[in-house]
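Structure, as structure tokens:
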Amino acid sequence: MNRSGWDARRRNRNIGTRKSGHGQNNHLTIPQSWADDRLFHERLKNPVALELKINKCNITLLIEETHPDFCHACTPNDIECVLNLIPEEHLEPIKMVVLRQPKKKEQILGSVWGRLRYWSEIEQYSGPAVHLEAQLKNRLFRWRKTLAPDDLRELERLAKDGHQIESDRRYYYIKGGLEAIRNTQLFRTLPHEIGHYVDYLENVEIPSGDNDETWKQLDSLYDAKPSKDKEDFAHRYAREFFELQCQHGKLPFQRIFNPKSLREKNLDPMWFSNENLSSQ
């Protein structure tokens with residue numbers, strides 16, 4: 001008897017696998033609201049706003065409450081001291097410095113020390129902004145040993161910042177306490193992100209002047225610039241800034257932490273500490 005080619009007892013071996021589309025609708029992603037077109041790091045929850053006057057520059061410092069196991073390694077006074085050392089022409093375009101608490105999914109999918117937004121809108125504030133992320137109080141993360149040269153150089157920078165680095169056959173384990181995280185964010189990340197905007201100034205804003213057509217062309221060219229070139233410029237800017245201020249004896253400096261002063265600014269000192277401050 002001739003048999004048809006179909007047998008109900010035979011199961012398609014692709015059922016339930018990625019090849020048949022299984023799991024494509026449940027990837028772990030950062031949620032986006034249809035009613036709010038702002039990026040996730042622009043959606044802060046009840047931030048405290050402080051107005052800073054740095055030479056002739058006006059900068060808004062926005063600070064978000066931290067989760068119990070997180071803290072902001074850099075205090076407002078720390079940030080103000082470093083910003084006072086940035087050349088005025090480089091600092092003038094920056095309108096905000098944001099200390100934000102990342103969500104759990106953001107930490108899982110890709111935690112960062114900080115980021116630059118060439119234009120950011122947070123509540124009634126807008127303009128170029130440097131974001132610094134709150135970090136776990138005793139942060140431990142791992143990197144595979146198959147690192148690219150740029151990642152190896154970053155590993156060396158983290159070691160200089162004071163992070164403890166151990167390894168086994170497959171991974172590097174990087175542990176940083178409050179001081180190491182502060183060194184990374186205050187003395188490297190903050191000037192690094194400002195360096196990104198200096199790169200944009202020198203390649204787009206200054207050459208284009210008031211000519212909109214020239215600005216569009218230069219902005220498009222800058223957008224197409226390899227990310228490695230942008231990162232190299234920002235790393236160089238941060239390194240040269242730190243070395244110059246070290247020569248002048250202005251960096252590094254001890255952490256400026258005053259619980260009373262923080263409370264007077266409507267800030268909870270616990271957002272900036274890994275200790276019990278109820279009695280201070």
Side-chain angles (χ1 to χ4, degrees), residues 38-39 41-66 72-101 113-134 182 185-210 212 215 219 222 233-234 237-238 240-242 244-245 248 250-251 253 255-258 260-269 271-272:
R38 293 176 301 167
L39 296 173
H41 43 262
E42 295 177 319
R43 299 195 294 268
L44 270 63
K45 182 178 180 181
N46 300 323
V48 177
L50 303 179
E51 299 299 333
L52 303 181
K53 183 71 174 179
I54 310 294
N55 298 319
K56 296 180 181 179
C57 305
N58 296 311
I59 295 179
T60 301
L61 183 59
L62 295 174
I63 305 169
E64 193 174 26
E65 179 181 355
T66 60
H72 296 302
C74 307
T75 67
N77 287 336
D78 283 339
I79 292 170
E80 186 173 5
C81 285
V82 170
L83 293 181
N84 268 297
L85 302 176
I86 300 289
E88 187 174 323
E89 64 273 20
H90 295 166
L91 186 62
E92 191 275 334
I94 305 297
K95 300 306 178 186
M96 291 179 283
V97 175
V98 182
L99 304 184
R100 68 179 294 273
Q101 170 62 57
W113 300 114
R115 56 170 58 86
L116 172 73
R117 291 294 303 161
Y118 294 90
W119 189 266
S120 192
E121 294 186 0
I122 302 174
E123 298 191 344
Q124 69 267 38
Y125 307 99
S126 62
V130 175
H131 294 241
L132 298 177
E133 304 278 80
R182 175 180 179 266
Q185 291 191 301
L186 185 63
F187 302 135
R188 279 207 300 119
T189 306
L190 181 57
H192 176 100
E193 303 306 337
I194 293 174
H196 276 304
Y197 206 89
V198 172
D199 191 16
Y200 186 76
L201 276 175
E202 295 180 352
N203 287 279
V204 181
E205 294 284 356
I206 295 175
S208 64
D210 296 327
D212 289 342
W215 180 86
D219 182 69
Y222 182 82
F233 182 97
Y237 182 90
E240 292 175 354
F241 166 78
F242 184 77
L244 177 62
Q245 298 306 325
H248 293 165
K250 296 181 179 180
L251 291 182
F253 56 85
R255 192 167 192 258
I256 307 173
F257 179 68
N258 186 328
K260 181 180 178 181
S261 175
L262 292 171
R263 292 190 183 100
E264 290 173 350
K265 297 172 183 176
N266 296 319
L267 298 169
D268 188 340
W271 301 354
F272 303 89

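On a predicted model such as this, the values are computed, not experimentally measured, just so you know.
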Checklist entry - What pairs with Glu92 under salt bridge (Lys or Arg N to Asp or Glu O under 4.0 Å), at least two apart in sequence or on another chain? => result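 Partners of Glu92 by the salt bridge (Lys or Arg N to Asp or Glu O under 4.0 Å) criterion, ordered by chain and then number, come out as Lys95.
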Next on the checklist: Using a 6.0 Å cut-off, check whether atom NZ of Lys265 has over 12 heavy atoms from anything other than its own residue.
Outcome noted: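 Yes, enclosed.
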Checklist entry - Does NZ belonging to Lys53 count more than 12 external heavy atoms closer than 6.0 Å? => result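 Check passes, neighbour count above 12.
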I'd like to know if the side chain of [X] and the backbone of [Y] have a donor-acceptor N/O pair within less than 3.5 Å.
{"X": "Gln185", "Y": "Glu133", "answer": "yes"}
{"X": "Asp78", "Y": "Cys74", "answer": "no"}
{"X": "Asp219", "Y": "Trp215", "answer": "no"}
{"X": "Ser261", "Y": "Asn258", "answer": "no"}
{"X": "Glu193", "Y": "Leu116", "answer": "yes"}

Next on the checklist: Parallel, tilted or perpendicular: which one describes the rings of Phe187 and Phe253, with boundaries at 30° and 60°?
Outcome noted: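 Answer is perpendicular, since the angle exceeds 60°.
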Checklist entry - Is the closest side-chain donor-acceptor distance between Ser120 and Glu42 under 3.5 Å? => result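 Yes, Glu42 and Ser120 have a side-chain donor paired with an acceptor closer than 3.5 Å.
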Checklist outcome for this item: Interatomic distance, OG1@Thr60 vs CD1@Ile122, rounded to 0.5 Å, equals 10.0 Å
Item to check | Partner of Tyr118 under side chain to side chain donor-acceptor pair (under 3.5 Å), chosen from Tyr222, Tyr200, Tyr197 | outcome: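 Testing Tyr118 for a side chain to side chain donor-acceptor pair (under 3.5 Å) against Tyr222, Tyr200, Tyr197 leaves exactly one candidate, Tyr222.
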